[in-house]
Amino acid sequence: MSAAENKTEAPEEQGFDGDPRSLLRSVVESNGLVVFLAVLAALVVGAVLVVFADESVQDASSYFFSRPMDTLSAAWGAITDAYVAMFQGSIYNLHADSFSGSIKPLTNSLTFSAPLIFAGLGLGVGFRAGLFNIGAQGQVILGAIMAGFVGFAFHLPFGVHLALAVIGAILGGALWGFIPGLLKATTGAHEVIVTIMLNYVGLYLLAWLLSLESWQAPGSDNPKSPRIDETAEWPSLLGDSFGLHWGFVAALLAAWGVWWLMERSTWGFTFRAVGANPSAATIAGMNVKVTYVLVMVIAGTLAGLAGGTQVLGTEKALTTGIAGSIGFDAITVALLGRSRPLGIVAAGILFGGLRASGPTLQVQAGLPIDIVLVIQSVIVLFIAAPPLVRFLFRLPDPRLVKEVTA
Amino acid sequence: MKLELRGITKKFGDFVANDRIDLSVEPGTVHALLGENGAGKSTLMNVLFGLYDADGGEVLVDDEVVHFAGPGDAMRAGIGMVHQHFMLVHPFTVAENVMLGHEQLGSNRLLDIEAARSRVLEISERFGFNVDPDALVEDLSVGAQQRVEIIKALSRDANVLILDEPTAVLTPQETDELLDIVRQLRDAGTSVVLITHKLREVKAVADTITVIRLGKVVGTAEPTASQSELATMMVGRDVTDAVDKAPAKPGDVVLEVTGLSAVNELGYTTLDDVSLEVRAGEILAVAGVQGNGQTELVEAIIGAVKATEGSVTLDGVRLLGRSIKQALNAGIGFVPEDRTTDGLVASFTIENNLVLDLIDDPRFSTRGNIDVDAIESNAKDRIAQFDVRTTSSKASAGSLSGGNQQKVVLARELSRELKLLIASQPTRGLDVGSIEFMHQQIVAERDKGVAVLIVSSELDEVVALADRIAVMYHGKIVGVVPPDTDRKTLGLMMAGAHQEEAA
């Protein structure tokens, strides 16, 4: 007997019928609100940590019982300092001399967000097809290797060179997605294990390549490639005074492309069906194994583009740390964005902003840069535990709500 | 012990699931609670067990008002329940399951498994359950697992035993055994509340029948009432007992299966030299107790399992060795046995489920581009045509009742030109109204000249639909007989006897 037959006793679910309570219910049930509240809760937890980390608060707390207001005002000052610094570091600098200086933080945030969006989109496609791909990091690295190599080893006219470098990024990432996809389809090897291992393979492959003289900048022993040709760079979007480049626009286009793929193409329909119920997909004539391979190749392609963006737009040379933690942050971005393109773009920009604000937080508010990582991590923690968020904000459990309305 | 419910009312928002329901269970009787799926039977029991707070009414035990805060209270008051979905821990033994929840410690401060074992043995012997206390639950048949649930309830001194749709998962033989058990329990003084929508069972064992429809008690009936009287009360209108169908006009052979054999992943033979043919415009029903190769037969035909030997042809074209997609495209419509795992994607909208295997069809996509409007208007048509009860075509398939889910599957499979329709257990778990509807649709398809292959373990269904009946046992076709073959013969054939021996 199946679970659905249990439901046969309950009448069909009722949709929104004009009753404001049921409207609220439908909002409450959506994960979107939980995500928003998780971010909010994380900022509150961040504020608490800021208070503990702040020196003036620590000083004032030593005489808390004689003058408690000192501690409280110091705490309030620390929190506002921190969040103002975050705002100034990621969105708008109030103290800049010019308009372009004021919006530079925002452009930095967007620059940071481009690879996160690319890789997040790739992971999102996998998640929706039921594949828990942990391999974005390796795919990002392979994309970066290929793009970087094309960028510095070839000398081609503008346009052709960039196009070829981007194709390189795609091929590198796609290969690193194809391997676990093929292994899963043919041997049943679990993608989590295979992709984690391929992350290491990619990382050490990069380290080895950069130890070769032919991959190092001339006259240097550092594990860093020559600078890529300008013809292979993502052109700057707002002029040379900003770091923002066309890679960000490409990421937005990719988001639209993924939306079309998942919502409007027969491939995406198949991916979603396989992800939600592989046995029904099989009986409906869909080829689940081919789907797994295809999805992993697409996921790898997008992650590879993330690596390409890093090399061709932001760093302009290949280094051992080129991928940073993009591949892992992208997992959070994809989860935060609920694997939907629009959500991933929003989450990518949020995380780009958090990363961009780190240095300002350190300089202006005197806080350790780690606070940003803590906030990021706490967001993940809350997202991963929706019941906790519901408890904190006294939201009803959607399952109970369903039972009662049913 | 006498159990009485008075004026129980339970509302969910504006929806009244139970409307002033009165029910009185006299000691030592079998009281059948008869109603269609969705009539409010389970809600009533959940109120009784304290899982829901009633909006009105009271529960009385031996003429005293009681209030149960949860199932624990109800059990202590002597009310036991066997759920439709068993609440058993599979890797545990029977005795461990029975002990679970009220473990006793022995003199050595360790769990007293011996006490539980002897309790199981005692109850098992008293009622002839034939259950081994040391057997692992996962090794038991569904019928035996149900008996473990009954033992669990009895071991806690239940005076009133509530059985929620107990026969939904049982084979005909197991059903008969269960009904015997119910009679024995009654004779031993236990009251039994039988929640069901199956008329035959009600007539077989009930002393009193209460019929509920749309949350209200519509009346009580004597077990002497005819099946059609009970069905009319339950559904609220006249229900035709038999499927209304003209004699078949069989045409050419459409599906031909010859010498088909298959083994499962453990190496056991599941299909053993099966041969059959289905002609255009006829219904061949495969009867048999569940697990005798019927599932594998249809799966081999559509290509979901590999056959080791034999051939399958559709209109003379070889099917074996092709993909499921090719089989579907060749003109096979397939209603799988388990709609929730194989027939539908529960989280998808009804719209999308209606095109699950048609997404590549030129009606719904061109060069990989989905035509959203076409899918939406298709859904509107199908929902109207098949009377799928839903608030919106964008609702998830998982939110539908079983009958409506099955309508979605059938509607989808009938939305392309078919040569052959295969339906496995097409009405399992459905209420009377939905069963009638499914049968009409299947017969209509036959009358259009489609070859129809039905697999069912419900003998009623086989007899009602079939133009010819093939009986399967242990992976073999025991015989193919006409639909007017008497039930006893069919029953014996389902147990493996050949036609000549059985007749």
Side-chain angles (χ1 to χ4, degrees), chain A residues 1-19 21-22 25-26 29 128-130 259-291 294 398-406, chain B residues 12-15 17 37-43 84-85 168-169 302 304 323-329 334 336 338-348 352 355-360 364-365 368-370 372 389-392 394-396 398-405 428-431:
Chain A
M1 293 304 288
S2 50
E5 299 200 352
N6 207 8
K7 290 189 196 124
T8 52
E9 276 293 315
E12 290 143 27
E13 227 175 10
Q14 282 153 17
F16 174 57
D17 51 9
D19 175 3
R21 269 181 317 163
S22 62
R25 232 180 273 125
S26 57
E29 277 179 49
R128 292 186 76 187
W259 173 83
W260 178 84
L261 173 75
M262 295 309 282
E263 305 298 333
R264 287 291 181 273
S265 80
T266 52
W267 276 21
F269 188 87
T270 306
F271 295 174
R272 287 186 287 132
V274 167
N277 185 346
S279 60
T282 307
I283 292 296
M286 298 170 182
N287 192 326
V288 173
K289 290 180 173 180
V290 168
T291 301
L294 214 51
R399 279 168 305 170
L400 290 181
V401 171
K402 241 172 227 154
E403 231 171 76
V404 172
T405 50
Chain B
F12 297 119
D14 296 334
F15 180 79
N37 292 325
K41 297 168 298 192
S42 292
T43 306
Q84 192 176 354
H85 306 270
V169 287
I302 67 152
S323 69
I324 297 176
K325 186 166 206 135
Q326 284 167 324
L328 297 178
N329 287 345
F334 181 51
D338 188 335
R339 58 183 161 266
T340 49
T341 58
D342 295 332
L344 294 167
V345 178
S347 58
F348 270 26
N352 282 346
V355 294
L356 200 61
D357 55 10
L358 293 163
I359 197 67
D360 289 328
F364 303 116
S365 66
N369 244 310
I370 291 177
V372 181
R389 304 285 171 83
T390 177
T391 46
S392 158
K394 311 261 187 230
S396 73
S399 71
L400 296 176
S401 70
N404 283 305
Q405 288 182 341
R428 174 180 285 172
L430 303 192
D431 55 65

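Since the structure is predicted, the reported quantities are computational estimates derived from the model, not experimental observations. Below, chains carry the letters A, B, ... as their sequence lines are ordered, and counting in each starts from 1. For the numbers below, each heavy atom of this structure counts, side chains included, while hydrogens, waters and symmetry mates do not.
- Geometric assessment of A/R272 against the ring of B/F348 yields a positive cation-pi assignment under the 6.0 Å and 45° thresholds.
- For B/S323, no part sits under 4.5 Å from any heavy atom of chain A, backbone or side chain.
- The candidate from B/V372, B/N369, B/L328 with the greatest count of non-hydrogen atom pairs under 4.5 Å with chain A is B/N369.
- In this structure, the portions of B/N352 lying under 4.5 Å from any heavy atom of chain A include both its backbone and its side chain.
- Of the listed residues (B/D360, B/I370, B/I324, B/I302), the greatest number of heavy-atom pairs within a distance under 4.5 Å of chain A belongs to B/I370.
- Here the side chains of B/N404 and B/T390 are not in contact, with every heavy-atom distance at 4.5 Å or above.
- Within the 4.5 Å cutoff, the side chain of B/D338 has no heavy atoms near those of the B/R428 side chain.
- Looking at residues two or more places apart in sequence or on another chain, you find a side chain to side chain contact (heavy atoms under 4.5 Å, CB included) between B/S365 and A/T266.
- Considering only heavy atoms from C-beta on, A/N287 stays 4.5 Å or farther from B/K325 through its side chain.
- Using a 4.5 Å cut-off between heavy atoms, B/L358 does not touch chain A at all.
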